[in-house]
Amino acid sequence: MKVAREFDLRKVVPLSVDFYARDPRRVARDLLGKVVVRHLGRERMAGRIVEVEAYLGAGDAAAHAAAGLTPRNRVLFGPPGRSYVYFIYGNYYCLNASCLPDGVAGGVLFRALEPLAGLRAMARNRGLAGELTERSKRLLTTGPGRLCEAMKITRARDNDRDMTLPESGIWIGADGYRPAKIAVTRRIGITKAAEHPLRYVIAGNQFVSGAKGRSQ
DNA sequence: ATATCGATTATCT
DNA sequence: GATAATCGATATG
């Protein structure tokens, strides 16, 4: 019988600024298996990163940074390891980590997490009632808009936070977990530069988005 | 299981 | 005025 190792938030160690000061493709791949931790009031939430996308600089037409620096995207041009939160489709927020040294734009979009802690709070934030089944757990943090809603991440509150610091309330750390197998695909939901293989997922993980996420 | 579509607003042209 | 790094509902096979 399989014994699932209990997730222990106390064993999660924040990633360094240097971790993010690299090419977004490198950062994206290495973020798989790491843990996003959310402290909000008394709520403690955490999820393992199972799906991310890399967004590059001026040469990447799909990246918000492609058009140059604007008030909205300035975090992408700033220091590495900061949260870039943007509002999309009139309804949702999406969370990114800024990459590359200060002055050079790049980022990684968080597309899906495997919920580890604070599942009840996340269900409440998502407006899900009743018992959490294996099926409905997927609705908590699978999808970039969903994971932000589950963790109450908004631009007003959470943009430009230093995600190497637990006191930021939103931070990323490692607990020793290593993905067995990583798959790379094209990015989701974009029209420009859609052909590049810049989406990274933990192969076979149940919390990867999309119908094929479950069979990869 | 896959396809299509409407909601809703910040941002940029 | 158009578009968007999305989601949930609905329709159809």
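Chain identifiers are assigned alphabetically (A, B, ...) following the order of the sequence lines, protein sequences preceding nucleic acid strands; residue numbering begins at 1 within each chain. Only heavy atoms go into these numbers, but all of them, side chains included; no hydrogens, no water, no symmetry mates.
With hydrogens and angles ignored, the 3.5 Å screen pairs a side-chain donor or acceptor of A:R187 with a backbone N or O of A:A193. Although no hydrogens or angles enter the test, the distance criterion places no donor-acceptor pair under 3.5 Å between the side chain of A:S209 and the main chain of A:G143.
Atom pair A:Y92:OH and C:dG8:C1' shows a separation of 6 Å (rounding to whole Å applied). If you measure from atom NZ of A:K192 to atom P of B:dT13, you get 10 Å, rounded to the nearest angstrom. Atom-to-atom, CD1 of A:I88 to P of B:dA7 comes out at 17 Å; the value is rounded to the nearest Å. Going from atom OH of A:Y93 over to atom P of B:dT8 covers 15 Å, rounded to whole Å. Distance, A:N91 CG to C:dC7 C1': 8 Å, rounded to whole Å. Following rounding to the nearest Å, A:D60 (CG) and C:dA4 (P) show an atom-to-atom distance of 14 Å. When the P atom of B:dA10 is taken as reference, atom CZ of A:R74 falls 17 Å away, rounded to whole Å. Atom P of nucleotide C:dA4 and atom CZ of A:R187 are separated by 13 Å, given to the nearest angstrom.
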Give the intermediate values and the outcome of salt bridge (charged side-chain N to carboxylate O under 4.0 Å, His left out) for residues A:R38 and A:E43. CA-CA 8 Å; A:R38 177 64 157 159; A:E43 289 179 352; over 6 Å; no
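Comparing B:dT11, C:dA4, C:dA5 against the side chain of A:R155 picks out B:dT11 as the nearest. In this structure, of B:dT9, C:dA5, C:dA4, it is B:dT9 that holds the atom nearest to the side chain of A:F87. In the set C:dA4, B:dC12, C:dG8, C:dG8 carries the atom at the smallest distance from any side-chain atom of A:R146. For A:Y89, the side-chain atoms get nearest to C:dA4 when compared with the rest of C:dG8, C:dC7, C:dA4.
Nucleotide C:dA5: unpaired (no Watson-Crick or G-U wobble partner with both distances less than 3.5 Å). For B:dT8, there is no paired base (Watson-Crick or G-U wobble, both distances below 3.5 Å).
Under the 4.5 Å side-chain criterion, counting only non-hydrogen atoms from C-beta, A:R199 is in contact with A:V208.
In this structure, A:T191 reaches the C:dA4 phosphate: one of its side-chain N or O atoms is under 4.0 Å from OP1 or OP2. Between A:R126 and C:dC7 there is no side-chain N or O to OP1 or OP2 distance below 4.0 Å.
Along DNA chain C, the nucleotide nearest to A:G90 and the one nearest to A:G145 differ in position, and the one closer to the 5' end is contacted by A:G90.
Across all strands shown, A:L109 has heavy atoms under 4.0 Å from base atoms, whether or not it also approaches the sugar-phosphate.
Neither A:V37 nor A:L40 shares a network with the other; the hydrophobic side chains, linked directly or stepwise wherever heavy atoms of I, L, V, M, F, W or Y lie under 4.5 Å apart, form separate groups for each.
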